[in-house]
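Heads up, the thing below is written out as structure tokens.
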Amino acid sequence: MYANRLMKSGMLKNILLILIFFVGCFFIPDCFVSRHVTTGMLGVAIITILYALAFVRMVKVIKITPLFLWVFLYSIFWLMYQFFYSALAWHDWIGYISFLLLFFIVSQQEFGENELRQYYFIGSMAGMVMGTWGLLQYFELVQAYYTSVPVTGSFENPAGLAIFLSGLLPCSLYFTREGKMRYKMWGIVTSLLAIWVILLSNSRTGILIMIVLCILYVCQNISFPPRHRFVNKFLFLGIVLFLFVGLYFWKKDSADGRMLIWLCSLDMFGDHWFFGIGSGKFQAEYMLYQADFFQWHPDSMFMMLADNVNNPFNEYLKVLVEYGIIGFSMVVMILVHLVKVCKANRDKVFLFPVFGCILAVMLAACFSYPLNYPSIVLIFVFSVAIVNSCYFSVWKVKKRICVKGVAGGVVVFSLLFSRIVYCYGRSEYEWCKAARFSLEGRSEEMLPSYKEIYDWMRRDGLFLYNYGAELYQVKRYSESLKILKECASRFNDEDVQQILAKDYIQLGMYSEAKECLLLAAAMCPVRFVPLYELMNLHLRIKDFTEAKRYARIIIDKPVKINSSRIRKIKKAAKVLLE
């Protein structure tokens, strides 16, 4: 009864919202391997389960909208896909199910202006805390997680911080329109802090989104004559295009590198255009396409820009590659209905921050991977659910037996889901502990721990890579080879191929080792190590002609970033030729 009164008053909803933001965005203890992702994802899952259990106690009616139906259809398609084309790890499952459940719960509620003001305040407060964190990192008062640009907040790179702050910037801008001075000052201070930290992050995506949102905010607060509105739209598009071109030339090499990724990704789509390459299989297949690209284009301008890649830096392209035309069409329908709802409610000024949050994440999805961060997905899901609750076409299920059936199903599902969350969280915790002890030279001692959690972590390509590398270190080459072959079906790059080659060499399988090293060299032509290993392999089998050929390639090869290791490799090649 007490929980019902809290839920009706909105206090419980605000408490859960603050908790889910705190845990999903700021809580990153060093007890998981992927501390910047796993903690937030598990935290969101746990609080979503609590949210669901509190929600079902007071639900009286189930609201169904066209947008909700399309999300539901896509989820069924996604679930069916996992049985045929899936390479997803458990954390991907947990993340998707958590946010789907959260979307269902939030979209069933009513959001008036007062409720949204509270949501905006919590969002602006989260932005202020994250912005302050980034600012303290910039002045070297707290630890940063990225050496080149030490402004990351709770993320492992500046892009995540910039997109997060951009996504919450509309919440802060909302308060700058308030009549009361204290609210106006709060909005101005938090908005300026977010803008300052986004600029310090040097993230092109974050800066582009921030400028677009600020221009839209200015346009909302200036009344243009009707005859000028058409011209102003073209002026807005012109400014955005100018910014896009300017940001491209700001970091041209990085932008060109993304063009390479998009070209190879389109090749993947061309080969699997209808059903897609498979859920989660981008990082297993992409590097093979990149290697093939350079074999067909040995003099490509992208040669010096290639690196290991596990994401296409475009969420729409990723859906197109992994799920094909079918999955992409469903996503387009969801976005179309989302735009229709936004247009139908454009006269409601108090909904503008929600529209801005959705726009920010959708823009970020064009040039980055915001859906990899639980905190950014949290902003997007909340915003979409709020918009869905304002849908102009709603079917309401009021039959008591149906409502209670749905509520009971949510309870049973939440309890079963909590078991999966616990088992996965415990397994990654044990993996982190084993990996830490292995770095201290206790690899042999930690192998039973790896074997114990293998059943839960075998879907995770990074775990398989770590496990295979540890087996190689303790000279269990056959076991290492088996695990790394499994890894390559889920996570494949130049590093995986190099360790595979080392296993083959130790087992005397030289032709297989050569294939792996040639593939590694083709994946990242800028790297010297695969060529160096090929040179040593031919020395090992006493094929001196081939060894000298690779030595000549090493000497003639241009250097992207000079290092002591590259100098040693070139020196060894020179000694061999002399």
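All residue numbers refer to positions in the sequence shown, counting from 1.
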Do [X] side-chain atoms and [Y] backbone N/O form a donor-acceptor pair below 3.5 Å?
X: Gln108; Y: Ile105; answer: no
X: Thr190; Y: Gly187; answer: yes
X: Gln137; Y: Gly153; answer: yes
X: Asn345; Y: Lys348; answer: no
X: Lys63; Y: Gln109; answer: yes
X: Glu322; Y: Phe282; answer: yes
X: Asn157; Y: Gly160; answer: yes
X: Ser203; Y: Gly206; answer: yes
X: Trp262; Y: Pro312; answer: yes

Exercise for the section: Tell me, with the steps shown, if Asn308 and Cys524 meet side-chain contact (heavy atoms from CB on, under 4.5 Å). Expected result: CA-CA 7 Å; Asn308 286 327; Cys524 298; 3.6 Å; yes

Assign the ring pair [X] / [Y] to parallel, tilted or perpendicular, where the plane angle (0 to 90°) is split at 30° and 60°.
X: Trp78; Y: Tyr96; answer: parallel
X: Phe155; Y: Phe164; answer: tilted
X: Phe352; Y: Phe355; answer: tilted
X: Phe26; Y: Phe22; answer: tilted
X: Trp456; Y: Trp90; answer: tilted

With a 4.5 Å cut-off on side-chain heavy atoms, are [Y] and [X] touching?
X: Leu351; Y: Ile386; result: yes
X: Pro370; Y: Val377; result: no
X: Leu42; Y: Phe32; result: yes
X: Leu135; Y: Leu141; result: no
X: Ile94; Y: Phe417; result: yes
X: Ser414; Y: Ile49; result: yes
X: Cys432; Y: Thr38; result: no
X: Phe302; Y: Leu263; result: yes

Atom pair [atom1]/[atom2] of [X] and [Y] - distance to nearest 0.5 Å:
X: Ile334; Y: Ser329; atom1: CD1; atom2: OG; result: 11.0 Å
X: Ser191; Y: Tyr174; atom1: OG; atom2: OH; result: 13.5 Å
X: Thr48; Y: Phe104; atom1: OG1; atom2: CZ; result: 13.5 Å
X: Phe175; Y: Arg182; atom1: CZ; atom2: CZ; result: 11.5 Å
X: Leu161; Y: Ser166; atom1: CG; atom2: OG; result: 9.0 Å
X: Met210; Y: Leu363; atom1: CE; atom2: CG; result: 13.0 Å

In terms of heavy-atom contacts, does [atom1] of [X] have more than 12 from other residues, nucleotides or ligands at under 6.0 Å?
X: Phe27; atom1: CZ; result: no
X: Arg346; atom1: CZ; result: no
X: Glu440; atom1: CD; result: yes

Show the nearest heavy-atom pair for residues [X] and [Y], with the distance to one decimal.
X: Cys25; Y: Ser375; answer: SG-CB, 3.4 Å
X: Val321; Y: Met268; answer: CG1-CE, 3.8 Å
X: Ala306; Y: Gln290; answer: CB-NE2, 3.6 Å
X: Ser107; Y: Phe103; answer: OG-O, 2.8 Å
X: Val197; Y: Gly131; answer: CG2-O, 3.3 Å
X: Val309; Y: Met287; answer: N-SD, 3.4 Å

Please report, to 0.1 Å, the donor-acceptor pairs under 3.5 Å made by any side chain of residues 120-130, with sequence neighbours excluded.
from: Tyr120; atom 1: OH; to: Phe350; atom 2: O; distance (Å): 2.4
from: Ser124; atom 1: OG; to: Tyr120; atom 2: O; distance (Å): 3.2
from: Ser124; atom 1: OG; to: Phe121; atom 2: O; distance (Å): 2.9
from: Ser124; atom 1: OG; to: Trp186; atom 2: NE1; distance (Å): 2.9

Practice task
Carefully, step by step, assess Leu335 and Met362 under the rule side-chain contact (heavy atoms from CB on, under 4.5 Å).
Solution key: CA-CA 10 Å; Leu335 296 179; Met362 288 177 64; 3.9 Å; yes

Problem - Worked check of side-chain contact (heavy atoms from CB on, under 4.5 Å) between Val384 and Leu338 - result: CA-CA 8 Å; Val384 173; Leu338 195 56; 3.9 Å; yes

Exercise for the section: Compute the centroid of each ring, for Phe367 and then for Phe313, and state whether the two points are separated by less than 6.0 Å. Expected result: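 No; Phe313 has its ring centre 6.0 Å or more from that of Phe367.
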
Problem - Distance-only donor-acceptor check, side chains Tyr424 and Glu428, under 3.5 Å - result: yes

Exercise for the section: Give the intermediate values and the outcome of side-chain contact (heavy atoms from CB on, under 4.5 Å) for residues Tyr217 and Thr176. Expected result: CA-CA 10 Å; Tyr217 172 78; Thr176 62; 2.3 Å; yes

Problem - Asp460/Arg490 ion pair, N-O < 4.0 Å - result: no

Problem - From CA spacing to verdict: salt bridge (charged side-chain N to carboxylate O under 4.0 Å, His left out), Glu315, Lys318 - result: CA-CA 5 Å; Glu315 297 288 1; Lys318 187 175 182 180; 5.1 Å; no

Practice task
Among Leu213, Ile211, Ile207, find the residue that satisfies the side chain to side chain contact (heavy atoms under 4.5 Å, CB included) test when tested with Ile209.
Solution key: Leu213

